[in-house]
Amino acid sequence: MKMENRKLKTTSLDVLIDKHIGTIGTEKRNVFESELQLDIIGETIKNIRKERNLTQEQLGDLVGVGKAQISKIENSLTDARFETILKVFKALNAKVNFNVELLDSVVKIAG
């Protein structure tokens, strides 16, 4: 059987996300982005906790919450309070940086 020289067609992840989830600014895309951020935070907490050789229960004790709450945060099963997330990172002795990016250049003020 003779093989033909074929060029594979590639598509970027951004194009696939736009096509199957929605473009930036749509409700479905906003939900996706929010859930993705929660997943990243949860996975980061889990990885640091394991690096520090802490159990979920030990981390919960340091933060002042139960093991179940730590599990929910790590598995993105809850919208934990911002304050709790900061306490978790502080207990893990991890520095947190936030990047705020303005999506539009117009700020409307009612007057």
Side-chain angles (χ1 to χ4, degrees):
M1 182 183 271
K2 186 178 176 184
M3 295 198 65
E4 297 178 28
N5 288 335
R6 293 186 192 179
K7 220 175 186 180
L8 292 177
K9 181 180 177 184
T10 59
T11 305
S12 73
L13 180 59
D14 289 336
V15 169
L16 289 174
I17 291 172
D18 286 350
K19 180 179 177 182
H20 295 284
I21 295 171
T23 57
I24 292 174
T26 61
E27 182 62 27
K28 191 173 178 183
R29 178 67 173 263
N30 290 342
V31 169
F32 169 79
E33 296 287 342
S34 179
E35 289 174 357
L36 180 60
Q37 290 170 353
L38 290 174
D39 286 346
I40 291 169
I41 290 170
E43 192 64 28
T44 301
I45 288 170
K46 183 187 297 184
N47 290 337
I48 295 170
R49 175 183 59 77
K50 288 180 175 182
E51 222 174 81
R52 303 277 195 251
N53 295 313
L54 293 170
T55 65
Q56 289 178 338
E57 186 171 2
Q58 290 169 326
L59 179 56
D61 289 343
L62 291 171
V63 176
V65 300
K67 174 188 176 210
Q69 180 69 13
I70 298 298
S71 176
K72 287 178 181 178
I73 291 170
E74 288 183 353
N75 293 297
S76 307
L77 300 176
T78 184
D79 286 336
R81 292 178 49 206
F82 188 67
E83 179 183 358
T84 303
I85 297 293
L86 291 177
K87 284 181 181 179
V88 168
F89 281 115
K90 184 176 181 180
L92 291 169
N93 197 28
K95 183 178 178 183
V96 177
N97 293 310
F98 292 97
N99 182 24
V100 177
E101 183 178 330
L102 296 178
L103 300 177
D104 61 15
S105 60
V106 178
V107 177
K108 297 179 184 175
I109 300 174

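- Checked against side chain to side chain contact (heavy atoms under 4.5 Å, CB included), L38 has the following partners two or more places apart in sequence or in another chain: S76, D79.
- Separation of atoms CD (Q69) and CZ (R81) is listed at 10.0 Å; rounding is to 0.5 Å.
- Heavy-atom neighbours of E33 CD from other residues, nucleotides or ligands within 6.0 Å: above the threshold of 12.
- Here I21 is tied into one hydrophobic group with L13, I17, F32, L36, I40, each link being a pair of ILVMFWY side chains closer than 4.5 Å.
- Between the CD1 atom in I85 and the CD1 atom in I73 there is a gap of 4.5 Å [rounded to 0.5 Å].
- Two residues are said to be in side-chain contact when any heavy atoms from C-beta on lie closer than 4.5 Å; E43 and K46 meet this criterion.
- When side chains are defined from C-beta on, V65 does not count as touching V88, because their heavy atoms never get closer than 4.5 Å.
- Side-chain heavy atoms closer than 4.5 Å link hydrophobic residues (I, L, V, M, F, W, Y) into clusters, and following such links, possibly through other members, connects L86 to I48.
- How far OG1 of T55 is from CG of D61: 7.5 Å, rounded to the nearest 0.5 Å.
- By the 4.5 Å heavy-atom criterion applied to side chains, R29 and D18 are counted as neighbours.
- Cluster note: L77 groups with no other residue, as no ILVMFWY side-chain heavy atom lies under 4.5 Å from it.
- Clustering ILVMFWY residues whenever any of their side-chain heavy atoms sit less than 4.5 angstrom apart, transitively, puts I41 in a cluster other than the one holding V31.
- The list of ring-ring contact (aromatic ring centres under 6.0 Å, His included) pairs with a residue in residues 7-29, not counting sequence neighbours, is empty.
- Counting only residues at least two apart or in different chains, ring-ring contact (aromatic ring centres under 6.0 Å, His included) contacts with residues 73-94 comprise F82-F98.
- For the side-chain hydrogen bond (donor to acceptor under 3.5 Å, both in side chains) with Q56, the lone residue among K72, E74, K67 that qualifies is E74.
- Taking OG1 from T84 and CD1 from I70, the interatomic distance works out to 8.5 Å, rounded to the nearest 0.5 Å.
- Judged as a side chain to side chain donor-acceptor pair (under 3.5 Å), and not counting sequence neighbours, R52 has no contacts.
- Closest approach of N53 and Q58 over heavy atoms only: O-OE1, 3.8 Å.
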